[in-house]
Amino acid sequence: MILVVGAKGMLGQDLMRVLPGDVRGVDIGEIDITSAESVRRVLLTLKPRVVVNAAAYTDVDGCETNVELAMAVNGEGVGHLAAVTKELGALLVQVSTDYVFDGGKGSACGEDDPVNPLSVYGRSKLLGEENARTNPDHLIVRTQWLYGLGGKNFVETMLRLAKERKELAVVDDQIGSPTWTVDLALAINELIDNNCRGTYHAANSGFCSWFDFAEAIFAEAGIPMTVRPQTTEELGRPAPRPLYSVLDCGKLTRDTGLVLEQWREALKSYLAKRREAGMN
Ligand SMILES: NC(=O)C1=CN([C@@H]2O[C@H](COP(=O)(O)OP(=O)(O)OC[C@H]3O[C@@H](n4cnc5c(N)ncnc54)[C@H](OP(=O)(O)O)[C@@H]3O)[C@@H](O)[C@H]2O)C=CC1
Ligand SMILES: Cc1cn([C@H]2C[C@H](O)[C@@H](COP(=O)(O)OP(=O)(O)O[C@H]3O[C@@H](C)C(=O)[C@@H](O)[C@H]3O)O2)c(=O)[nH]c1=O
């Protein structure tokens, strides 16, 4: 059985839809990964063959002031999962982030490039990676700029703001790859299926700035909107973010044959799914 932890989150919901076979999901209420005792009780009862951890504290700016919570959920919580999966002889799949990099390289980051997180969120996720590795049977999947049905994300923020405003300012000096949670869930399935172990990058192909992404969202959704470029410094958010955090996904392709679709194609598919689901 595959157990998805964080099954009610944005990625968790798509993992539940995409992963085949005997799949169970748990979220806060049934499991609290910050508690070693809670993790032990749930995992020893269910005895999964694979645990995919999509549970996290993902408010990047919130992490700057809630440091203890960030470390407990994103860091130590993964340690609890690693200890019990190791005891069970189960695979631990840990989802991680481009924010473990500082974005200073200026070209796509490979799995073995040096990490240097700029934010509390990035540091907490890096601790999560280190803790995941205490189970030798682990898979760490770094991804970025996620959006999906049933979650707070940049696409939904833009579509919501479009109902209130005619003009928006969006940062044009952060570059990355917007990634649809359905495509990421498919990649995680391929990695498990191909018995891959260690660290992998998985993101939709191509890259853009948040400003480019905002323009694409409004163009594809057919919404008239003036998007003005601004710098990260002008925006002045509490958490520092990497300026260039494109992930090199070549290892995923070499080991599974999978190439994730271009980010703009994925965006079109997502907008079509939203319409099908009656969202406007
Ligand atoms: N969103 C993004 O752009 C990116 C995300 N990632 C990573 O991908 C993964 C999935 O992210 P995403 O789907 O956006 O996350 P979400 O915030 O949508 O979902 C996380 C889920 O985990 C639950 N949760 C929080 N704390 C605990 C806890 N202590 N015990 C059990 N469950 C808990 C949350 O519950 P509740 O909502 O009630 O708190 C929520 O249901 C995370 O590891 C994240 O770091 C990586 C790169 C980009
Ligand atoms: C809403 C808004 C955001 N922005 C900027 C802020 C930020 O730099 C960028 C994206 O904003 P968000 O708050 O959606 O993104 P952010 O929380 O930084 O997204 C990150 O989340 C974590 C969980 C990850 O792991 C990362 O890969 C990444 O997806 O756009 C604007 O410039 N104008 C706006 O109107």
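FYI, side chains are in, hydrogens and waters are out, and symmetry mates aren't considered; it's all heavy atoms of this structure. Numbering of residues begins at 1 and proceeds along the displayed sequence. Atoms within each ligand, like the ligands themselves, are counted from 1 in listed order.
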Tell me the salt bridge (charged side-chain N to carboxylate O under 4.0 Å, His left out) pairs involving residues 97-109, sequence neighbours left out? Lys105-Asp113
For Lys125, the atoms of ligand 1 under 4.0 Å from one of its heavy atoms are 42 (C), 43 (O), 44 (C), 45 (O)
Keeping to residues at least two apart or across chains, list the salt bridge (charged side-chain N to carboxylate O under 4.0 Å, His left out) pairs with something in residues 214-224. Glu220-Arg264
Can you tell which part of Tyr147 has a heavy atom less than 4.0 Å from ligand 1: side chain, backbone, both or neither? neither
Can you list the atoms of ligand 1 that are under 4.0 Å from a heavy atom of Lys8? 41 (O)
Test item: side-chain donor near acceptor, Arg41 and Ser35, under 3.5 Å: no
On a heavy-atom basis, which atom in Ala266 and which in Asn204 lie closest, and how many Å separate them? CB-OD1, 3.5 Å
Salt-bridged, Glu130 to Arg133, with N to O below 4.0 Å? no
Atom 28 (C) of ligand 1: which protein heavy atom is closest, and how many Å away? Ile28 CD1, 3.5 Å
Under 4.0 Å from one or more heavy atoms of Leu11, ligand 1 contributes atoms 10 (C), 13 (O)
Heavy-atom contacts under 4.0 Å between Thr143 and ligand 1: side chain, backbone, both, or neither? both
For a quick test of your reading: what N or O donor-acceptor pairs under 3.5 Å do the side chains of residues 76-88 make, sequence neighbours left out?
unit_1: His80; atom_1: ND1; unit_2: Ile33; atom_2: O; d: 2.9
unit_1: Thr85; atom_1: OG1; unit_2: Leu81; atom_2: O; d: 2.7
unit_1: Thr85; atom_1: OG1; unit_2: Ala82; atom_2: O; d: 3.1
unit_1: Thr85; atom_1: OG1; unit_2: Asn135; atom_2: ND2; d: 3.0
unit_1: Glu87; atom_1: OE1; unit_2: Arg40; atom_2: NH1; d: 3.0
unit_1: Glu87; atom_1: OE2; unit_2: Arg40; atom_2: NH2; d: 3.0

heavy-atom search around atom 33 (C) of ligand 1 in the protein gives Ala55 CB, 3.8 Å
Does ligand 1 have a heavy atom under 4.0 Å from the side chain of Thr58, from its backbone, from both, or from neither? side chain
Evaluation steps, side chain to side chain donor-acceptor pair (under 3.5 Å), between Asp173 and Thr232: CA-CA 7 Å; Asp173 56 357; Thr232 299; 2.6 Å; yes
Protein contact to atom 35 (O) of ligand 1 [nearest heavy atom, distance to 0.1 Å]: Asp27 OD1, 3.5 Å
Which residue from Thr34, Val73, Ile31, Val78 reaches closest to atom 31 (C) of ligand 1 through any of its heavy atoms? Ile31
Identity and separation of the nearest protein heavy atom to atom 7 (C) of ligand 1: Val95 CG1, 3.8 Å
In plain terms, say whether Arg142 and Glu129 are close enough for a salt bridge, that is, a side-chain N and a carboxylate O under 4.0 Å apart. yes
The closest protein heavy-atom partner of atom 25 (C) of ligand 1 is Ala56 O, 3.4 Å
Min heavy-atom dist Ala54 to ligand 1 below 4.0 Å: yes
Give a yes or no on whether a salt bridge exists between Asp61 and Arg241, defined as a side-chain N under 4.0 angstrom from a carboxylate O. yes
Just heavy atoms, cut-off under 4.0 Å: does Tyr121 contact ligand 1 by side chain, backbone, both, or neither? side chain
Just need the protein heavy atom nearest to atom 19 (O) of ligand 1, so name the residue and atom and give the distance. Gly9 CA, 3.2 Å
Atom 2 (C) of ligand 1 sits nearest the protein heavy atom Leu146 CB, 3.5 Å
As a test of the contact definition, would atom 13 (O) of ligand 1 count as having a protein heavy-atom neighbour under 4.0 Å? yes
So for Trp145, does at least one of its heavy atoms come nearer than 4.0 angstrom to any atom of ligand 1? yes
Near-ring test Tyr147/Phe154, centroid separation under 6.0 angstrom: no
Tell me if the aromatic rings of Trp145 and Trp210 count as close, with their centers under 6.0 Å from one another. yes
For ligand 1, is any non-hydrogen atom under 4.0 Å from Ala7's backbone (N, CA, C, O), its side chain (CB onward), both, or neither? neither
Hey, is Ser96 one of the residues with a heavy atom under 4.0 angstrom from ligand 1? yes
Which residue and heavy atom of the protein sit nearest atom 30 (N) of ligand 1, plus the separation: Ile33 N, 3.1 Å
Does Gln94 reach ligand 1 with a nitrogen or oxygen that is under 3.5 Å from one of the ligand's nitrogen or oxygen atoms? no
Which atom pairs, nitrogen or oxygen on both sides, join ligand 2 and the protein at under 3.5 angstrom?
unit_1: ligand 2; atom_1: 8 (O); unit_2: Gln174; atom_2: OE1; d: 3.3
unit_1: ligand 2; atom_1: 8 (O); unit_2: Gln174; atom_2: NE2; d: 3.0
unit_1: ligand 2; atom_1: 13 (O); unit_2: Arg237; atom_2: NH1; d: 3.0
unit_1: ligand 2; atom_1: 13 (O); unit_2: Arg237; atom_2: NH2; d: 3.4
unit_1: ligand 2; atom_1: 18 (O); unit_2: Tyr99; atom_2: OH; d: 2.8
unit_1: ligand 2; atom_1: 18 (O); unit_2: Arg241; atom_2: NE; d: 2.5
unit_1: ligand 2; atom_1: 18 (O); unit_2: Arg241; atom_2: NH2; d: 3.3
unit_1: ligand 2; atom_1: 25 (O); unit_2: Thr97; atom_2: OG1; d: 2.8
unit_1: ligand 2; atom_1: 25 (O); unit_2: Tyr121; atom_2: OH; d: 2.9
unit_1: ligand 2; atom_1: 27 (O); unit_2: Asp98; atom_2: OD1; d: 2.6
unit_1: ligand 2; atom_1: 27 (O); unit_2: Trp145; atom_2: N; d: 3.1
unit_1: ligand 2; atom_1: 29 (O); unit_2: Trp145; atom_2: N; d: 3.2
unit_1: ligand 2; atom_1: 32 (O); unit_2: Val171; atom_2: N; d: 2.9
unit_1: ligand 2; atom_1: 32 (O); unit_2: Gln230; atom_2: NE2; d: 3.4
unit_1: ligand 2; atom_1: 33 (N); unit_2: Ala169; atom_2: O; d: 2.9

Nearest protein heavy atom under 4.0 Å from atom 37 (O) of ligand 1, yes or no: no
